[in-house]
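Worksheet for the structure shown next.
The shown structure was predicted, so the numbers you read here are calculated from the model rather than taken from an experiment. Residue numbering restarts at 1 for every chain, and letters A, B, ... go by the order of the sequence lines.
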Protein chains: 2
Amino acid sequence: MSRTKKNQESTILDIAAALQLSPATISRALNNNPNVTPATRKKVTEMAGQLGYRRNNMALGLRNNKTHTIGLIVPRISMFFHAEAITMMQNALYEKGYNLIISQSNDSPEMERRLVDTMYSSRVDALIVSCTLDTQDFSHFDVFADNDIPLIFYDRVPPAFDGALIIRGDDFQGGYLAGTHLAETGCKRIAHISGPLTTNLYRDRSAGFFKALKAAGLPVYEHLVFYQPLTYDNTRTALKKMFEHREKPDAVFTANDTAAIAVHEFARENGLEIPRQLKIVGYSNDPRCAIIRPAITSVEQFPGKMGSKVVEALMQMLAADRETALNEPITIPVQLIRRMST
Amino acid sequence: MSRTKKNQESTILDIAAALQLSPATISRALNNNPNVTPATRKKVTEMAGQLGYRRNNMALGLRNNKTHTIGLIVPRISMFFHAEAITMMQNALYEKGYNLIISQSNDSPEMERRLVDTMYSSRVDALIVSCTLDTQDFSHFDVFADNDIPLIFYDRVPPAFDGALIIRGDDFQGGYLAGTHLAETGCKRIAHISGPLTTNLYRDRSAGFFKALKAAGLPVYEHLVFYQPLTYDNTRTALKKMFEHREKPDAVFTANDTAAIAVHEFARENGLEIPRQLKIVGYSNDPRCAIIRPAITSVEQFPGKMGSKVVEALMQMLAADRETALNEPITIPVQLIRRMST
DNA sequence: GTCATTTATGAAAACGTTTTCATAACTTGA
DNA sequence: TCAAGTTATGAAAACGTTTTCATAAATGAC
């Protein structure tokens, strides 16, 4: 591990001094500016290499008012959906020469607010956001719209936001597919465990589901519908209540996969045979659904596709002059993945 | 969504002009410098709010040669271990006033090299890295050590690196625990599916495992040991080979959980009863291990703990003057989580 | 060989902060 | 009231680039 200690990070001025040239020429040479002699360019790049020169992005950003950095705020990167989407975005952005600053709100609106401020101070060239489940007030994002900095919401989005682009999965359709599928397999009393209706996701999934039930001529049983944070424990409690009731469900549609897995375990523990006695449909197509036995039917959201769509739209926004674009919301189709649980 | 368009991002000079004060005073007021009159401070903060002022971090970074940004390079954020560790780091760093730039090498050494360069250009205050499986040459990290920028490797680390801190799980002990445990449950022919030996992780896990076998007086069967990328498909192929052999294994220790799950599925498909006919131990304690039935025994690495340790060490490095510190490697203990598969 | 044109280079300003040094304005103690 | 300290403010330089404008050098046309 032999290394030569260089105590100074070298700058464009060092190269200029070493070569008896002006910093302007060095800058031009390094940026492939056409009117600089090939000979000089060669000398410059060689000296740059020799001095271990690397451009200082801070100075560049200050000068050009561009950071080539995109901010991203998600509730949690460990969620399968987000991990996939982020990976796709990051790779695509990197190829375009952009860095991504990822941060997590941990589903806390307060944290989200702070992060938005930090992102603005860092002068990101654009901001991509998937909101907190509880974000009701979206005014902290105004600073981006006000300053014409591209802003994209995806997945968990505000109902509408002037000056931002909205990209989301077709949650209504997802709920509808789930409901229709369960109805077609002959279920009569279909329970529904949804998340809090403060977010678009669950509102739409539920709406689609109910529409499917109605279309199939099935009733909605009040005691079989829950709106609550979709944790493992919450789901267990809900199930316990349901099964204490006289009219027990013969199927459950949960608005995420963690809940679906909770249902699965509950069924196993209580000797309910899946799918004969209880059918299950989850949402998101988390890999865990495919591993558990019997495997769980779920709604695929194509996170990677959503990620590429976000980047694609973003590139357009960055290229376009302010007046164009900021188009209509974009919706990504979903697909029901049938497995053994139904 | 009513907003007032401000076409100019306001600076400290705007505040100064509006208040008939010098930029120096504004800066002081905003930074809680003690010698500025409370009255002035009040006026300044009020005006700042009114003008929607937010400090420009680029300018700050250029001036102070500090970005308050930490770089992170991991193979893949979707891996459970990394997602957990990152979350912990990010939260801890944020509280200390640092931003985190996360990026993924996708296990490509070439990409890793490019990312290191980008991170350097972005003048991160420190770099945290978990290497590629195939990173053999670590010279691209020299630029950090050369310029005395704190550098921390964790999990997948170089054998040694002058000028960097190394934090890793106790992989040797993990392998040892797995081997001992299987020996104690009475297994005689224990197979081992490991990853490529290019990385410390698998070298150490395997070494620990073999040591345990030796201690228990068990032989190592050549035909039951595999070193290969630990994908689902590779594992299936390896198993097929093993079970075509006359002396079939009665247990498998895989060096990650994806492989363990592949073994699990193979067993089920081939009518091998777990744990009676085949016992399984995985590595990482991925949540999937707990969901599958029978649940898989695995080695817990405490990713969160490793994350906090990284940040803790980093803070020390950032505070210390160059001469102190850059201490000995740190090892995080592991723990065998026993489940139904053994 | 001269003049006009192109081409390569340099000087200097700008981006938005912070900080050193200097100075003006206040206190305080006799 | 005055000298001696404090305290609050300002002026200017610095961080490392890029870019406009100017100019020197080189080329080409006659």
Side-chain angles (χ1 to χ4, degrees), chain A residues 6-45 47-48 51-69 97 120-125 147, chain B residues 6-45 47-48 51-69 97 118 120-125 147 149:
Chain A
K6 316 183 202 67
N7 287 324
Q8 298 282 23
E9 323 204 352
S10 51
T11 77
I12 227 169
L13 278 86
D14 296 328
I15 306 180
L19 256 40
Q20 307 266 51
L21 285 172
S22 80
T25 308
I26 311 298
S27 171
R28 282 189 272 254
L30 258 25
N31 290 296
N32 294 318
N33 185 309
N35 46 3
V36 58
T37 273
T40 353
R41 189 192 313 288
K42 181 150 174 289
K43 276 196 296 181
V44 170
T45 46
M47 183 55 77
L51 261 44
Y53 170 79
R54 269 140 176 125
R55 173 207 260 135
N56 184 326
N57 282 348
M58 295 263 112
L60 182 66
L62 181 58
R63 171 67 227 238
N64 288 354
N65 208 24
K66 287 254 167 291
T67 58
H68 285 98
T69 296
Y120 181 83
S121 277
S122 300
R123 296 296 192 276
V124 292
D125 287 349
N147 289 291
Chain B
K6 316 184 200 63
N7 287 324
Q8 297 283 22
E9 323 205 352
S10 51
T11 79
I12 226 170
L13 279 86
D14 296 329
I15 307 183
L19 256 39
Q20 307 266 52
L21 287 171
S22 81
T25 308
I26 310 298
S27 172
R28 281 189 273 255
L30 257 26
N31 289 297
N32 294 319
N33 185 309
N35 48 5
V36 57
T37 274
T40 346
R41 190 191 313 287
K42 181 151 173 287
K43 275 196 298 182
V44 170
T45 46
M47 183 55 77
L51 261 46
Y53 170 79
R54 269 139 176 126
R55 174 206 261 133
N56 183 327
N57 282 347
M58 294 265 111
L60 183 66
L62 181 56
R63 169 67 226 239
N64 289 354
N65 208 24
K66 287 254 166 292
T67 58
H68 284 96
T69 296
T118 306
Y120 180 83
S121 277
S122 300
R123 294 299 192 275
V124 291
D125 287 349
N147 288 292
I149 304 169

In whole angstrom, give the distance that lies between atom [atom1] of [X] and atom [atom2] of [N].
{"X": "Leu62(A)", "N": "dC15(C)", "atom1": "CG", "atom2": "C1'", "answer": "4 Å"}
{"X": "Leu21(B)", "N": "dG10(D)", "atom1": "CG", "atom2": "C1'", "answer": "10 Å"}
{"X": "Asn57(A)", "N": "dG16(D)", "atom1": "CG", "atom2": "P", "answer": "14 Å"}
{"X": "Ile12(B)", "N": "dC15(C)", "atom1": "CD1", "atom2": "P", "answer": "14 Å"}
{"X": "Asn35(A)", "N": "dT23(D)", "atom1": "CG", "atom2": "P", "answer": "18 Å"}
{"X": "Asn64(B)", "N": "dA14(D)", "atom1": "CG", "atom2": "C1'", "answer": "11 Å"}
{"X": "Lys43(A)", "N": "dT9(C)", "atom1": "NZ", "atom2": "C1'", "answer": "11 Å"}
{"X": "Asn56(A)", "N": "dG16(D)", "atom1": "CG", "atom2": "C1'", "answer": "6 Å"}

Assign [X] to base, sugar-phosphate, or nothing according to its heavy-atom contacts below 4.0 angstrom with the strands shown.
{"X": "Leu13(B)", "result": "base"}
{"X": "Asn31(A)", "result": "sugar-phosphate"}
{"X": "Asn65(A)", "result": "nothing"}

What's the closest nucleotide to the side chain of Ser27(A) if the choices are dT9(C), dT19(D), dT17(C)?
dT19(D)
Which one, dG16(C), dA11(D), dT9(C), comes nearest to the side chain of Ser22(B)?
dA11(D)
Measure the shortest side-chain to side-chain distance between [X] and [Y] over non-hydrogen atoms and say whether it is less than 4.5 angstrom.
{"X": "Thr67(B)", "Y": "Ser122(B)", "result": "no"}
{"X": "Leu21(B)", "Y": "Met47(B)", "result": "no"}
{"X": "Leu60(B)", "Y": "Arg55(B)", "result": "yes"}

Considering heavy-atom distances to DNA chain C, does Val36(A) or Pro23(B) have its closest nucleotide positioned more toward the 5' end?
Val36(A)
Taking for Arg123(B) and for Ala24(B) the nucleotide of DNA chain D with the nearest heavy atom, the one nearer the 5' end belongs to Ala24(B)
Is Thr40(B) near enough to dT9(D) that one of its side-chain N or O atoms lies under 4.0 angstrom from OP1 or OP2?
yes
For Tyr120(A), is the NZ or CZ atom of Arg123(A) found under 6.0 angstrom from the centre of its six-membered ring and inside 45 degrees of the ring axis?
yes
Mark yes or no for a side-chain to base donor-acceptor pair under 3.5 Å between Arg28(B) and dG10(D), with no hydrogen or angle criteria applied.
yes
Around Asn65(A), counting heavy atoms of other residues, nucleotides and ligands shown, do more than 12 lie under 6.0 Å from its CG?
no
